[in-house]
Asks: 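Have a look at this one before I ask anything.
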Amino acid sequence: MKITHTDQDKFIRWITAAGIYYISCIAFYIDIGQDMGADYFLWVMLPILAALVLLPYGTRVPLFSRPSLPNLLSGLLWAATFPLLYSWTYSQMWYASKICYDFIVGTSIFVLFSALEGALFAILPRRLVAAFMAGLNLLSILIPLLQIIYYCMVWHCLTPDSLMALYLTNWRESIDFIESNVGLLPATLILLGLALLFALAYRCHLAFAERLESGSTAGRMASLFALVTAGIATLAFYLPQTSIADLWNDVKSYVEETQEYSVGHDERFMSLHLDARRTLSARAPGTVIFIIGESASRDYMQAFTPDYKYPDTPWQSAQRENPNFFFFENAYSSWSQTVPVLQRVLTEQSQYNGKEFFDSASIVDVAKKAGYETWWFSNQGRYGQYDSAITLVAKTADHAQWTDDSYNFTDKYDDSLLPYLTQLDPTKNNFVVLHIMGSHIYYNNRYPTEYNKFQPPEGDKANIMTSEASYANSILYTDHILQEVFNYARKNLNLQAMVYFSDHGENLEISHNPDVFSFDMVRIPFWIYLSPAYEQALPGRANTLREHANRYFTNDMMYDTISGLLSAPSDRYDPTQDFTSESYRFHRDTLTTMLGRYSLTEDPNGGPEEPAPTE
């Protein structure tokens with residue numbers, strides 16, 4: 001077969017364009033500090049160049065032309081987004097293998113889409129194919145676009161921590177997140193931008209059809225078929241190994257691993273041994289209530305920060321004068337998101353003992369063994385497609401009920417939990433967990449209108465949904481809920497002890513995103529009420545708590561603390577992590593937060609520890 005000068009010129013242009021694409025991508029990675037090295041980019045060079053040369057042969061559309069632009073953009077976004085945002089966030093190298101896989105996948109998307117388009121235009125109506133390809137482009141850029149939007153919101157790339165929140169959420173909570181962090185107007189503009197992008201891509205694909213030469217040869221169609229087949233196979237193999245997919249797989253593996261909690265639960269429960277004759281239920285029968293708050297920071301609570309400008313804790317502030325209440329000034333959460341925090345609060349797992357959630361006993365198990373009928377009442381949803389760690393523990397209670405018994409994000413106020421308390425038999429020993437919505441963003445959605453007491457200063461243009469005044473109103477309403485629970489339980493349920501703390505704190509500018517951590521996200525309220533009968537039965541516990549008012553504590557040691565509070569030490573109990581025990585061994589300089597990433601000594605607002613640790 002004779003090769004004409006025209007064919008030679010085309011081949012030179014094709015191989016030159018392929019080389020420019022390849023070299024430009026490699027130069028881009030090197031420039032942003034993500035040089036994958038010769039060990040990776042050399043072995044992919046020949047197959048990538050061959051595909052990029054074969055593509056214009058099959059379609060007769062140049063790589064760098066307006067008709068190719070939508071497919072090129074789809075590919076480049078996959079190839080470049082995570083490596084670039086990671087470099088901007090950390091200024092350090094990511095895994096070279098992942099950079100290579102991102103490059104392979106991005107290039108494969110470009111080649112696959114273009115080859116598929118060329119083949120479809122040969123057999124189907126132009127407008128149908130153009131619309132289909134524009135839709136495919138739009139779908140393909142959603143994941144890179146999500147990464148870019150997230151970065152523009154918090155100036156940080158996506159991480160397993162942020163993806164965890166996404167994985168465990170539901171659509172209603174997602175809408176709240178978008179409204180509070182993106183805003184309705186920007187979100188609308190993004191949707192309009194995507195619609196415009198679809199329209200522009202549609203026009204480009206019509207131009208692609210016009211550039212195709214009529215009368216496609218068998219050789220050209222065979223090359224397109226080969227590229228489509230190779231593209232699909234390449235994506236099937238390498239897409240699960242890309243940077244963003246690897247992060248997602250880490251999260252998915254973690255969530256699936258937590259599901260093992262139920263598998264061995266019965267065996268763990270049967271192996272939990274304690275002396276029921278010495279427990280609180282035997283010495284001072286009655287009810288113990290454990291209240292889990294949401295997004296409450298002691299920085300914005302007058303009961304813990306007396307000079308705070310809003311008087312948002314009138315009942316709690318008054319109880320500071322009550323000798324039966326013990327307020328702890330230096331409590332922190334172990335993380336800044338609900339599920340990772342509570343899986344440690346509720347079980348043996350902590351930052352300090354290396355135990356796994358799925359192999360741990362829970363406070364519900366201990367309460368049952370200690371002679372209590374266990375109750376779980378929640379005003380929070382069950383989260384996503386899997387049961388969260390919280391729900392797995394909740395289901396082990398004798399009675400577990402949700403105000404919205406679905407996987408939706410509740411819009412009910414926390415007073416909807418109060419009627420559930422009437423189910424308890426006051427003549428029995430009851431252990432009750434109440435999981436409230438507290439101050440979950442949007443703050444103004446967490447309280448009825450009669451608690452809209454505080455308003456932003458005149459002229460303050462702060463978003464009322466996330467303003468400090470609205471947050472203070474939500475704290476005020478929580479204060480009311482705590483008072484109602486306490487008053488009812490003391491009058492009707494023979495209340496012996498009541499515990500309140502928050503899962504984590506809140507930064508009023510950026511909520512509690514672990515990717516942009518600040519210590520107000522983990523400074524939490526924590527107090528315990530002990531009845532006179534409790535103090536008479538277990539005076540040592542009460543005296544120890546009184547001495548620990550200014551000791552430092554992280555809430556991942558709550559399992560051992562509740563075990564101690566119930567006077568229910570077991571073979572799964574560590575007294576050195578029990579805040580009610582004289583054996584409690586931790587001090588500010590030995591405690592951490594964010595699962596060990598930060599020492600509490602790094603908190604610029606951390607106060608002195610009294611009594612000071614002894615050498």
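Bear in mind that the values here come from a model prediction, so they are computed numbers and not experimental data.
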Asks: Is there a donor-acceptor pair closer than 3.5 Å between any side-chain N or O of D556 and the backbone N or O of Q351?
Replies: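 Yes; judged by distance alone, with no hydrogens or angles, the pair exists.
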Asks: Is it the case that the side chain of D503 and the backbone of V341 share a donor-acceptor pair, with hydrogens and angles ignored and the cut-off at 3.5 Å?
Replies: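 No.
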Asks: Any non-hydrogen side-chain atom of K98 less than 4.5 Å from a side-chain atom of Q241?
Replies: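 A side-chain contact exists here, since the closest heavy-atom pair is under 4.5 Å.
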Asks: Without swapping roles, check the side chain of S474 against the backbone of R446 for a donor-acceptor pair under 3.5 Å.
Replies: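 Between the backbone of R446 and the side chain of S474 there is no qualifying donor-acceptor contact (under 3.5 Å).
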Asks: Any chance CG of L145 has more than 12 other-residue heavy atoms, nucleotides or ligands included, within less than 6.0 Å?
Replies: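 Correct, the count exceeds 12.
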Asks: Find out whether S388 and T391 are in side-chain contact, i.e. whether some heavy atom of one side chain is under 4.5 Å from a heavy atom of the other.
Replies: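 Answer yes - side chains close enough.
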Asks: Return yes if a side-chain donor-acceptor contact under 3.5 Å exists between E294 and S439, otherwise no.
Replies: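 Side chains of E294 and S439: no pair found under 3.5 Å.
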Asks: Between Q34 and Y86, does any side-chain donor sit less than 3.5 Å from a side-chain acceptor?
Replies: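 Not at all, the side chains of Q34 and Y86 share no donor-acceptor pair under 3.5 Å.
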Asks: Taking side chain as C-beta onward, heavy atoms only, is L72 less than 4.5 Å from L63?
Replies: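 The answer is no; the side chains never approach within 4.5 Å.
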Asks: Can you establish whether the number of heavy atoms outside Y90 located under 6.0 Å from its atom OH is more than 12?
Replies: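 Yes.
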Asks: For I143, I'd like to know if atom CD1 has over 12 heavy atoms of other residues, nucleotides or ligands within 6.0 Å.
Replies: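 Open.
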Asks: Just checking, any donor-acceptor pair under 3.5 angstrom between side chains of Y332 and D603?
Replies: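 Yes, because at least one side-chain N or O of Y332 sits under 3.5 Å from a partner of the opposite role on D603.
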Asks: Can you confirm whether the side chains of W78 and T242 place a donor and an acceptor under 3.5 Å from each other?
Replies: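 No, because no side-chain N or O of W78 sits under 3.5 Å from a partner of the opposite role on T242.
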Asks: Is there a side-chain contact between F103 and I26 in this structure, where contact means two heavy atoms from C-beta onward sitting under 4.5 Å apart?
Replies: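 Contact flag for F103/I26 side chains = yes.
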Asks: Is there a donor-acceptor contact under 3.5 Å linking the side chains of Y151 and T89?
Replies: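 Result is no, nothing qualifies.
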Asks: Set out, in order, the CA-CA distance, both residues' side-chain angles and the distance that settles side-chain contact (heavy atoms from CB on, under 4.5 Å) for M521 and I510, then state yes or no.
Replies: CA-CA 9 Å; M521 298 179 185; I510 51 178; 3.6 Å; yes
Asks: Going through the distances and angles, do L73 and L77 end up as a side-chain contact (heavy atoms from CB on, under 4.5 Å)?
Replies: CA-CA 6 Å; L73 179 64; L77 282 174; 4.0 Å; yes
Asks: To the nearest 0.5 Å, tell me how far D299 CG sits from N605 CG.
Replies: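 Here the interatomic distance stands at 6.5 Å.
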Asks: Give me the atom names and distance for the closest heavy-atom approach of E506 to H512.
Replies: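 Shortest heavy-atom separation between E506 and H512 comes out as OE1-ND1, 2.7 Å.
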Asks: Please check: side-chain N/O of R344 versus main-chain N/O of P340, any donor-acceptor pairing under 3.5 Å?
Replies: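 Yes; at least one donor-acceptor contact below 3.5 Å.
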Asks: For residues 111-137, dump all side-chain donor-acceptor pairs below 3.5 Å to protein atoms at least two apart in sequence or in another chain.
Replies:
{"unit_1": "S114", "atom_1": "OG", "unit_2": "N71", "atom_2": "ND2", "d": "3.3"}
{"unit_1": "S114", "atom_1": "OG", "unit_2": "F110", "atom_2": "O", "d": "3.0"}
{"unit_1": "E117", "atom_1": "OE1", "unit_2": "N71", "atom_2": "ND2", "d": "2.9"}
{"unit_1": "E117", "atom_1": "OE1", "unit_2": "H205", "atom_2": "ND1", "d": "3.1"}
{"unit_1": "E117", "atom_1": "OE2", "unit_2": "H205", "atom_2": "ND1", "d": "2.5"}
{"unit_1": "R127", "atom_1": "NH1", "unit_2": "Y202", "atom_2": "OH", "d": "3.2"}
{"unit_1": "N137", "atom_1": "OD1", "unit_2": "H205", "atom_2": "NE2", "d": "2.6"}
{"unit_1": "N137", "atom_1": "ND2", "unit_2": "N71", "atom_2": "OD1", "d": "3.1"}
{"unit_1": "N137", "atom_1": "ND2", "unit_2": "S74", "atom_2": "OG", "d": "3.1"}

Asks: If you round to the nearest 0.5 Å, how far is CG of L163 from CH2 of W248?
Replies: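 Atom-to-atom, W248:CH2 and L163:CG are 6.5 Å apart.
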Asks: Identify the heavy atoms of P70 and C204 that sit nearest to each other, and give their distance.
Replies: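 What the structure gives for the nearest pair is CG-CB, 3.5 Å.
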Asks: Checking S333 against N555: is there a side-chain donor and acceptor pair closer than 3.5 Å?
Replies: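 Side chains of N555 and S333: no pair found under 3.5 Å.
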Asks: Are any side-chain N or O atoms of Q259 and backbone N or O atoms of E256, one a donor and one an acceptor, separated by less than 3.5 Å?
Replies: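 No: the side chain of Q259 does not pair with the backbone of E256.
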Asks: Kindly say whether S297 contributes a backbone atom to a donor-acceptor pair with the side chain of S502 at under 3.5 angstrom?
Replies: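 No; zero donor-acceptor contacts below 3.5 Å.
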Asks: Walk me through whether S108 and Y238 qualify under side-chain contact (heavy atoms from CB on, under 4.5 Å).
Replies: CA-CA 10 Å; S108 297; Y238 284 108; over 6 Å; no
Asks: So does N513 get a backbone contact from the side chain of S511, meaning a donor-acceptor N/O pair under 3.5 Å?
Replies: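 No, because the side chain of S511 does not come within donor-acceptor range (under 3.5 Å) of the backbone of N513.
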Asks: Is there side-chain contact between T59 and L224, with at least one heavy-atom pair below 4.5 Å?
Replies: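 Side chain of T59 against side chain of L224, heavy atoms only: contact under 4.5 Å found.
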Asks: So H504 and T338, do their side chains get closer than 4.5 Å, heavy atoms only?
Replies: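 Touching, per the 4.5 Å side-chain cut-off.
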Asks: Strictly by modelled atom types, are Y150 and D515 linked by a side-chain donor-acceptor pair under 3.5 Å?
Replies: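 The answer is yes; a qualifying pair exists.
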Asks: Could you check whether T554 and Y352, counting side-chain N and O atoms only, form a donor-acceptor pair closer than 3.5 Å?
Replies: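 Short answer, yes.
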Asks: Between S162 and L158 (side chain of the first, backbone of the second, donor and acceptor by atom type, cut-off under 3.5 Å), is there such a pair?
Replies: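 No, the answer is negative, given that no donor and acceptor are paired below the 3.5 Å cut-off.
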Asks: For residues K10 and R60, determine if any side-chain heavy atom of one lies less than 4.5 Å from a side-chain heavy atom of the other.
Replies: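 K10 vs R60: side chains touch.
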Asks: Dump the intermediate steps for side-chain contact (heavy atoms from CB on, under 4.5 Å) on R298 and R523, then the final yes or no.
Replies: CA-CA 6 Å; R298 53 184 161 85; R523 297 188 198 110; 3.8 Å; yes
Asks: Please, which pairs that meet ring pair (Phe, Tyr, Trp, His ring centres under 6.0 Å) have at least one residue in residues 38-66, sequence neighbours excluded?
Replies: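 Non-adjacent pairs meeting ring pair (Phe, Tyr, Trp, His ring centres under 6.0 Å): zero.
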Asks: Is it true that a side-chain atom of N353 and a backbone atom of S350 form a donor plus acceptor pair closer than 3.5 Å?
Replies: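 Indeed, once roles are kept as given, a pair shorter than 3.5 Å links the two residues.
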Asks: To the nearest 0.5 Å, what is the distance between CZ (F82) and SG (C157)?
Replies: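 One gets 5.0 Å once the value is rounded to the nearest 0.5 Å.
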Asks: Output the distance between atom OG1 (T593) and atom CD1 (I524), rounded to the nearest 0.5 Å.
Replies: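 So the gap between those two atoms works out to 9.0 Å.
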Asks: Once you round to the nearest 0.5 Å, how far does CD1 of I104 lie from OG of S97?
Replies: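 I104 CD1 to S97 OG: 10.0 Å, rounded to 0.5 Å.
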Asks: Please determine whether side chain to side chain donor-acceptor pair (under 3.5 Å) holds for the pair T107 and Y21, giving the CA-CA distance in whole Å, both sets of side-chain angles, and the decisive distance to 0.1 Å.
Replies: CA-CA 9 Å; T107 303; Y21 173 92; 2.8 Å; yes
Asks: Quick check: do Q349 and F358 have side-chain heavy atoms less than 4.5 Å from each other?
Replies: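 Not touching, per the 4.5 Å side-chain cut-off.
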Asks: Which distance, rounded to the nearest 0.5 Å, do you find between the CG of L55 and the CG of L227?
Replies: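 Here the rounded value is 6.0 Å.
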Asks: Does D520 have any salt bridge (charged side-chain N to carboxylate O under 4.0 Å, His left out) partners at least two apart in sequence or in another chain, and if so, which?
Replies: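 D520 satisfies salt bridge (charged side-chain N to carboxylate O under 4.0 Å, His left out) with no residue once adjacent residues are dropped.
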